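A short write-up of the structure that comes next.
Only a predicted model underlies this, so the values are computations on that prediction, with no experimental measurement involved.
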2 protein chains.
Amino acid sequence: MKICTNEERQSYLDAYPIAHLFAFPIEEFIEVHEYKRDEWMIREGMRPDYLFYVIEGKAKIYVTHQNGKVSLINFINAYDYIGEMELLNEVYYTKGIRTSTKTVCYAFPFHLCREKMLEDVNFLRELTKFLSAKATKMAAKYSQSLAFPLENRLADFILQTADEEVYKEKHVTVCDFLGVSYRHLLHVLGQFCEKGYLKKDGRRYCIQQYDSLKELAGKLRNQ
Amino acid sequence: MKICTNEERQSYLDAYPIAHLFAFPIEEFIEVHEYKRDEWMIREGMRPDYLFYVIEGKAKIYVTHQNGKVSLINFINAYDYIGEMELLNEVYYTKGIRTSTKTVCYAFPFHLCREKMLEDVNFLRELTKFLSAKATKMAAKYSQSLAFPLENRLADFILQTADEEVYKEKHVTVCDFLGVSYRHLLHVLGQFCEKGYLKKDGRRYCIQQYDSLKELAGKLRNQ
DNA sequence: TCAAAAATAGGAGATATCTCATATTAAAGT
DNA sequence: ACTTTAATATGAGATATCTCCTATTTTTGA
């Protein structure tokens, strides 16, 4: 991790203005942190000292269970917050955050900003929207995971992450995210190929029948 | 549903003061709604016109999937909000809310209160805490549901809902909540009895080995 | 550049969980 | 009080998913 200073810091601040989200002058408190790919921004169980606002890059939220299973709880993208739970709650089990690409964040030190932020109507309104989206998404994922087999959830995931016709997520990541074993994921991908929905091309999968996948994924939604 | 007026309304307002949560005079806008047991407060898919704040009673949040399965997403208790998603988001699939006991709510009409609430730093701070707790809980349930078999989640649920040594939740409710079939729930309850963790007593179950259940439930937690 | 680690791949058998069918009992409505 | 509906109970067979094992390929790091 690298903390940007001077011109570098300023150029991020210019490229991603954020003052409008706050009623008080926030810029002076902002640190700009640059994380490399595959770096732990926050270690599981260790409370962070900052509220982060992602301006570039991608990361993942992980939690490790006592039985050794790892859940990838969600993906984090630009304009997401990290550490807002710790900002709001004294007691909270901190999840691990790991970058999956180079990631740049604004980091607001709690000890300087917490009070002000919790008095700031602009920021709080922004945060409620972020949190309501998060809660909604989690509730949807939760109920879907219990109500549908992998087939449907995987079809949805493929459509959401495919780049044009090409699906190429790492299996290991997808297992953690969808909460199934590697073996079973491969099994269902194999079925999709057999049925002609996908075609395997080396390590990639090419979507052959959009509509079939859409139908499977569509069953998840009323929402 | 009944809307309380005059003395009745006032006596609720006196018994459950709420002005301190708002920076503006809220009382004049409050309607007091009384719902009977097993009444639908909000029908799935129908946007409500109010933000509700529960002051007495219990309710459940339901969503129906396209495959006919019903998920009981969460329980609602006194001091919870209902309709906060619709307050914040223009686009949102409204879940069904059904009371399980007589329930009394403060109802704030959106058309009169939305603007003011979204400008109110006290209320927003309160709401962020509520939402962060909700998001956290959902994330925990989600990852647990994928990482652990029913055995562990049921043990946890029994300990959370048992009244002294007596567990007596309706099976049908529990199925919807834990996302398993009736048949399987009974199967695992049967195992608990065989192992001596529970003893069946008519329609109730009596906890015989707290520690065994605690051990099973404890595996869910690092959190 | 080479060894170690991570990711992919698939077989085989176990188990968690589901579906369907059928009875019985309790609760609710008129 | 009686009919209808909801809840409980259980068997049997199907399927979704897991665990463990082993082999190959790719990526990573010193």
- Item | A:Glu31 versus A:His33, side-chain donor and acceptor atoms under 3.5 Å | yes
Would B:Phe52 and B:Tyr35 count as a side chain to side chain contact (heavy atoms under 4.5 Å, CB included) here? Give the steps. CA-CA 12 Å; B:Phe52 295 98; B:Tyr35 295 85; 3.5 Å; yes
B:Tyr182 atom OH is separated from C:dT25 atom P, nearest whole Å, by 14 Å
Exercise. Got a sec: does the NZ of B:Lys195 have more than 12 other heavy atoms crowding it under 6.0 Å?
Worked result: yes
| task | Classify the side-chain pair B:Tyr93/B:Glu44 by whether it contains a donor and acceptor separated by less than 3.5 Å. | result | yes
- Message: Main chain of B:Ser132, side chain of B:Thr136: is a donor-acceptor contact present, judged purely on distance under 3.5 Å?
- Response: yes
Rounded to whole Å, the NE2-P distance (B:His184 to D:dT10) equals 16 Å
A:Glu39 atom CD is separated from D:dG29 atom P, nearest whole Å, by 13 Å
Exercise. Any sub-3.5 Å donor-acceptor pair from A:Glu56's side-chain atoms to A:Lys102's backbone N or O?
Worked result: no
When rounded to whole Å, the CZ to P distance for the pair B:Phe148 and C:dT17 reads 12 Å
Does B:Arg9 CZ have over 12 foreign heavy atoms under 6.0 Å away?
yes
Whether the B:Gln10 and B:Asp14 side chains hold a donor-acceptor pair (N or O, under 3.5 Å, no angle test) is what I'd like checked. yes
The correct set of residues in residues 150-181 of chain B placing a heavy atom under 4.0 Å from DNA chain C is B:Leu150, B:Gly179, B:Val180, B:Ser181
Please list, for nucleotides 11-14 of chain C, all pairs of protein and nucleotide N/O atoms separated by less than 3.5 Å.
from: C:dG11; atom 1: N7; to: A:Arg183; atom 2: NE; distance (Å): 3.0
from: C:dG11; atom 1: N7; to: A:Arg183; atom 2: NH2; distance (Å): 3.1
from: C:dG11; atom 1: O6; to: A:Arg183; atom 2: NE; distance (Å): 3.0

Closest of C:dA9, D:dT17, C:dT17 to the A:Leu186 side chain is C:dA9
Rounded to whole Å, CG of A:Leu185 lies from C1' of C:dA7 at a distance of 12 Å
Next item on the list: Answer yes or no: does atom CD of A:Glu215 have more than 12 heavy-atom neighbours from other residues, nucleotides or ligands under 6.0 Å?
Entry: no
Show me the donor-acceptor pairs within less than 3.5 Å that the side chains of residues 68-88 of chain A make with the rest of the protein, sequence neighbours left out.
from: A:Ser71; atom 1: OG; to: A:His65; atom 2: NE2; distance (Å): 3.0
from: A:Asp80; atom 1: OD2; to: A:Asn77; atom 2: N; distance (Å): 2.9
from: A:Glu84; atom 1: OE2; to: A:Lys134; atom 2: NZ; distance (Å): 2.7
from: A:Glu86; atom 1: OE2; to: A:Thr94; atom 2: OG1; distance (Å): 2.9

Using residues 176-186 of chain B as the side-chain source, report each donor-acceptor pair under 3.5 Å to any protein atom, sequence neighbours left out, with the distance given to one decimal.
from: B:Ser181; atom 1: OG; to: B:His184; atom 2: N; distance (Å): 3.2

Do the ring planes of B:Tyr12 and B:Tyr16 sit parallel (below 30°), tilted (30 to 60°) or perpendicular (above 60°)? parallel
Taken to the nearest whole Å, CG/A:Asn67 to P/D:dT17 is 18 Å
The correct set of residues in residues 188-204 of chain B placing a heavy atom under 4.0 Å from DNA chain C is B:Arg203
**Q.** Test of ring centre spacing under 6.0 Å for B:Tyr142 and A:Tyr142
**A.** no
When the rotation axes relating C1' atoms of four end pairs to the next four are compared across the helix from C:dT1-D:dA30 to C:dT30-D:dA1, five pairs an end, they differ to 10° by 70°
Any sub-3.5 Å donor-acceptor pair from B:Glu8's side-chain atoms to B:Thr5's backbone N or O? no
note: A:Asp38, atom CG; C:dA5, atom P; distance rounded to Å ~ 17 Å
Here the distance between atom C1' of C:dA16 and atom CD of B:Gln144, to the nearest Å, is 18 Å
Judged by nearest nucleotide, the residue sitting upstream toward the 5' end of DNA chain C, B:Arg37 or B:Lys69, is B:Lys69
